[in-house]
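Written out below as structure tokens is the structure these notes cover.
These numbers come from a predicted model, not from an experiment. In what follows, chains carry the letters A, B, and so on, assigned in the order in which the sequence lines appear, proteins first and then strands, with residues in each chain numbered from 1.
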Amino acid sequence: MTIRLFNTLSGRVEELSPADGRTIRMYACGPTVYDYGHIGNFRTFLQVDVLRRFLRLEGLETRHVMNITDVDDKIIRNAAGAGVPIGEYTPRYEQAFFEDLDALEVEKPEIVARATEHIPSMVALIERLAAQDSAYRTEDGSWYFRIASFPAYGKLSKKDFSGIADGARVDVDEYDKDSARDFALWKSPKDGEYHWQTELGPGRPGWHIECSAMATEYLGDDFDLHAGGEDLMFPHHENEIAQSESASHTTFARHWFHVRFLLVEGRKMSKSEGNFYTLRDLLLKGYKASAIRMLLISVPYRQQLNFTFEGLAAETGAIDRLRTFHQRVRTAPTVSALNAELASETARAGEVFCEALANDLNTAEARAAVFDLVRAGNAAMDAGTLGAENVPQILEVLSRFDRVFAVLEDHDVEWTRFALDWAEREGRLDQVAPELLAQRDLSDEKIQALLDKRTQAKRTRNFALADQIRNELAEKGIVIEDWKDGVRWKRK
RNA sequence: GCACCGGUGGCGAAGUGGCUAACGCGCUGGUCUGCAAAACCAGUAUUCGCGGGUUCAAUUCCCGCCCGGUGCUCCA
């Protein structure tokens, strides 16, 4: 199937295909590991995950590189504040980042590259630029990229810098560089800052150079796709293009994928608005990892998603319904005759699912197709017309769905427990929802004992006692369901 | 201020120059139940921010306005 995706560079929806016919070589800007990731960060990583999962569903391979920025101004500042070297400061946040990705079922890229482990590649790239006068050194020993040397500058973000590129020199004294727009490739150390001794002199890399160097090292001078949040378009990605193409004299990335920012409760997310949430904040409030994933991927990546707690609750319900259906299809009684109408609805759901994703990753339409199948399937099961042959067909579509959405398998309880353990270690139990805290002291055995007591009460028609036990458990977030074959319960 | 994107039912949203405007959640009713819960079924926008225009026909195209968001000195 032809996969069509919006390309920021051309401003149009275009076919995405691997240059070599089978492997998509892609680079996605990763995190700066100075703090815990927030839901805005994760929307981007999740949408890239949806893309790579879909590419693989379509039979392509992926060679996906993600960088870890483990040296930059914020890290240096925070590490200094904590009184530790940056090499001791960043690993815990990098680890936390990957734990969060695990909780969100984000597949790990084939290659994860740390900036601090690729200094020689960056130095080599800067030297190549310097050799052709695209880079220059300033008084203090820093190196800058000369934007005037790259006429195409601005082609990604559609900005016109021709006025500057004309060679008109801006005030040199103020910036100590030739043009105000020129950006740092290599920063000389200020009073005792951490630095590397290199052929360029002592210093540390600028932010943009790490991505250029690592992308090229693992993917070659030109590759298929480059991804990131919309804010990175300018200047970060523009600068990557300038550096890389100046050095290689070929196209850097052919396709550029940018994920839109989200709103939280209708407002832009910011610490001052009080609507800034990390993944862990939400888990401790009692929201499930799967619901967070579902909400963040269900709105197509170019739309401005409004992230709300009501939406989170809605997705929890939607996932329950899907999981219940999945289970029901596997265990429902069947008849020998194929339900032809259901078979054709199943086939259509499978087709629409892939077509929607192939059409610029329309996740909303894709999941709608699956819910259509859920309704049709349930109706057939209610009517007792589910054919034995219908079952594998439906399961195949669900499997297809889940290879991209990854929400059918229930790992929610373990991730919530993980977050609770983390909160305890960090002394953050005060941030945990009371319901979750109450549940912590409630072992499965205790719950079972209470349920037995309730069943006994019901048997003697002592409904007042039975309901009292049910209410007590409900207050602690334990939901009871009386089924024909016995009592089931779950942690809400 | 300049540039770009969006404004669809109670909420999140898909979509299209003309077919009953998807889907999820919620809500209402029903089946089931001691009552619930869960599950299932049914119903739930004469209408797509506001005003004008183009057209046989606009939510869908154009113009203006209002509102939200993003970028314009490294926030996904």
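- Regarding contacts with the backbone of B/C32, every side-chain N or O of A/K484 stays at 4.0 angstrom or more from both OP1 and OP2.
- Each of B/A14, B/G24, B/G69 was ranked by its minimum atom distance to the side chain of A/R375; first place goes to B/G24.
- Annotation: A/H237 is in aromatic contact with A/H226 [ring centroid separation under 6.0 Å].
- Taking atom P in both B/U55 and B/C50, the straight-line distance is 23 Å, to the nearest Å.
- Considering only side-chain atoms of A/L295, the nucleotide from B/G15, B/A38, B/G12 that sits closest is B/G12.
- Nucleic acid contact for A/D231: base, since at least one base atom lies under 4.0 Å from a heavy atom of the residue.
- Of the candidates A/L101, A/I292, A/I39, A/I292 is the only one forming a side chain to side chain contact (heavy atoms under 4.5 Å, CB included) with A/L279.
- Within the 4.0 angstrom heavy-atom criterion, no nucleotide atom of any strand lies near A/G311.
- Remark: the A/D320 side chain and the B/G24 base include no donor-acceptor N/O pair separated by less than 3.5 Å.
- Taking atom CG of residue A/N462 and atom P of nucleotide B/A36, one finds them 18 Å apart after rounding to whole Å.
- Judged by the 6.0 Å distance and 45° axis criteria, A/K108 is positioned over the aromatic ring of A/F98.
- Comparing B/G10 with B/A45, their P atoms are spaced 10 Å from each other, to the whole Å.
- Comparing atom distances between the A/P235 side chain and each of B/A38, B/C74, B/G24 picks out B/C74 as nearest.
- Counting only heavy atoms from C-beta on, A/R267 has its side chain closest to B/G69 among B/A42, B/C35, B/G69.
- Taking atom P in both B/C35 and B/U59, the straight-line distance is 49 Å, to the nearest Å.
- The distance between atom CG of A/L322 and atom C1' of B/A38, rounded to the nearest whole Å, is 15 Å.
- Distances shown here put every side-chain N or O of A/K159 at or beyond 4.0 Å from the OP1 or OP2 atom of B/G71.
- Counting only Watson-Crick and G-U wobble pairs whose two key distances fall under 3.5 Å, RNA chain B forms stems of three or more stacked pairs at B:1-7 with B:66-72, B:10-12 with B:23-25, B:26-31 with B:39-44, B:49-53 with B:61-65.
- Legend: salt bridge (charged side-chain N to carboxylate O under 4.0 Å, His left out) pairs involving residues 1-13 of chain A, not counting sequence neighbours, sorted by first then second residue: A/R12-A/E14.
- Of the listed nucleotides (B/C74, B/C41, B/G71), B/G71 has the atom at the smallest distance from the side chain of A/F234.
- Each ring-ring contact (aromatic ring centres under 6.0 Å, His included) pair with one or both residues in residues 304-325 of chain A, not counting sequence neighbours, appears once here: A/Y277-A/F309, A/Y287-A/F309.
- Remark: the separation of the P atoms in B/U28 and B/A38 is 13 Å, to the nearest Å.
- Using a 4.5 Å heavy-atom cutoff, the side chains of A/R267 and A/E273 are in contact.
- The ring pair (Phe, Tyr, Trp, His ring centres under 6.0 Å) test with A/H236 singles out one residue from A/W207, A/F183, A/W256, and that residue is A/W207.
- Of the candidate nucleotides B/A13, B/C75, B/A42, B/C75 has the atom nearest to the side chain of A/K74.
- Between B/C11 and B/U46, the two P atoms lie 14 Å apart (nearest whole Å).
- Here the C1' atom of nucleotide B/C35 and the CH2 atom of A/W483 are 18 Å apart, to the nearest Å.
- Annotation: of the two residues near RNA chain B, A/L305 and A/L232, the 5′-most nearest-nucleotide partner is A/L305.
- If you check every strand for non-hydrogen atoms under 4.0 Å, A/N239 touches nothing.
- Taking atom P in both B/U60 and B/C19, the straight-line distance is 14 Å, to the nearest Å.
- As rounded to whole Å, 12 Å separates atom C1' of B/A36 from atom CZ of A/F463.
- Among the atoms of the strands shown, base atoms are found under 4.0 Å from some heavy atom of A/K458.
- Less than 6.0 angstrom separates the ring centroid of A/Y301 from the ring centroid of A/F257.
- Using a 4.0 Å heavy-atom distance criterion, A/A364 is classed as a base contact.
- For B/G24, the OP1/OP2 oxygens have a side-chain nitrogen or oxygen of A/R321 closer than 4.0 Å.
- Residue-level contact check: A/Q303 touches the backbone only, with heavy atoms under 4.0 Å from sugar-phosphate atoms and none from bases.
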Check the interface with nucleotides 18-20 of chain B: list each N/O to N/O pair with the protein under 3.5 Å, or write none.
none

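- For the segment residues 256-266 of chain A, the set of residues with a heavy atom within less than 4.0 Å of an atom of RNA chain B comprises A/R260, A/F261, A/L262, A/L263, in numerical order.
- The listed nucleotides are B/A36, B/C23, B/A76; the one nearest the side chain of A/R470 is B/A36.
- Distance from the side chain of A/P300 is smallest for B/A13 among the nucleotides B/A13, B/G10, B/A37.
- Distance, A/F307 CZ to B/A13 C1': 15 Å, rounded to whole Å.
- Under the 6.0 Å cut-off for aromatic ring centres, A/F145 and A/W143 do not qualify, their centroids lying 6.0 Å or more apart.
- For the side chain to side chain contact (heavy atoms under 4.5 Å, CB included) test, residues two or more places apart in sequence or in another chain that qualify with A/T316 are A/K288, A/A291.
- Rounded to a whole angstrom, the distance from the P atom of B/A14 to that of B/A76 is 25 Å.
- Ion pairing between a basic and an acidic side chain is recognised when a charged N comes within 4.0 Å of a carboxylate O; A/E99 and A/R280 show such pairing.
- Considering only side-chain N and O atoms, A/R328 lies nowhere under 4.0 angstrom from the phosphate OP1 or OP2 of B/A38.
- Considering all non-hydrogen atoms of both residues, A/D100 and A/G37 come closest at OD2-N, 4.4 Å.
- On the P atoms, B/A58 is 15 Å away from B/A21, given to the nearest whole Å.
- Two residues are said to be in side-chain contact when any heavy atoms from C-beta on lie closer than 4.5 Å; A/T363 and A/M294 fail this criterion.
- Using a 4.5 Å heavy-atom threshold, the side chains of A/T8 and A/M233 count as touching.
- Nucleic acid contact for A/R43: none, since no nucleic acid atom lies under 4.0 Å from a heavy atom of the residue.
- Residues A/R260 and A/L305 have side chains not in contact (no heavy-atom distance under 4.5 Å, counting atoms from C-beta outward).
- Of the candidates B/A76, B/G24, B/G15, the closest approach to any side-chain atom of A/N362 belongs to B/G15.
- In terms of position on RNA chain B, the residue among A/I480 and A/F371 whose nearest nucleotide sits closer to the 5' end is A/F371.
- The residue A/P31 sits apart from the nucleic acid: no heavy atom pair falls under 4.0 Å.
- Side-chain proximity of A/K187 to B/C74, B/A22, B/A13: nearest is B/C74.
- Here A/K271 lies out of heavy-atom contact (under 4.0 Å) with every strand.
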A/E245 and A/K155: CA distance, side-chain angles, deciding distance, salt bridge (charged side-chain N to carboxylate O under 4.0 Å, His left out) verdict: CA-CA 12 Å; A/E245 299 193 352; A/K155 68 179 178 178; 2.9 Å; yes

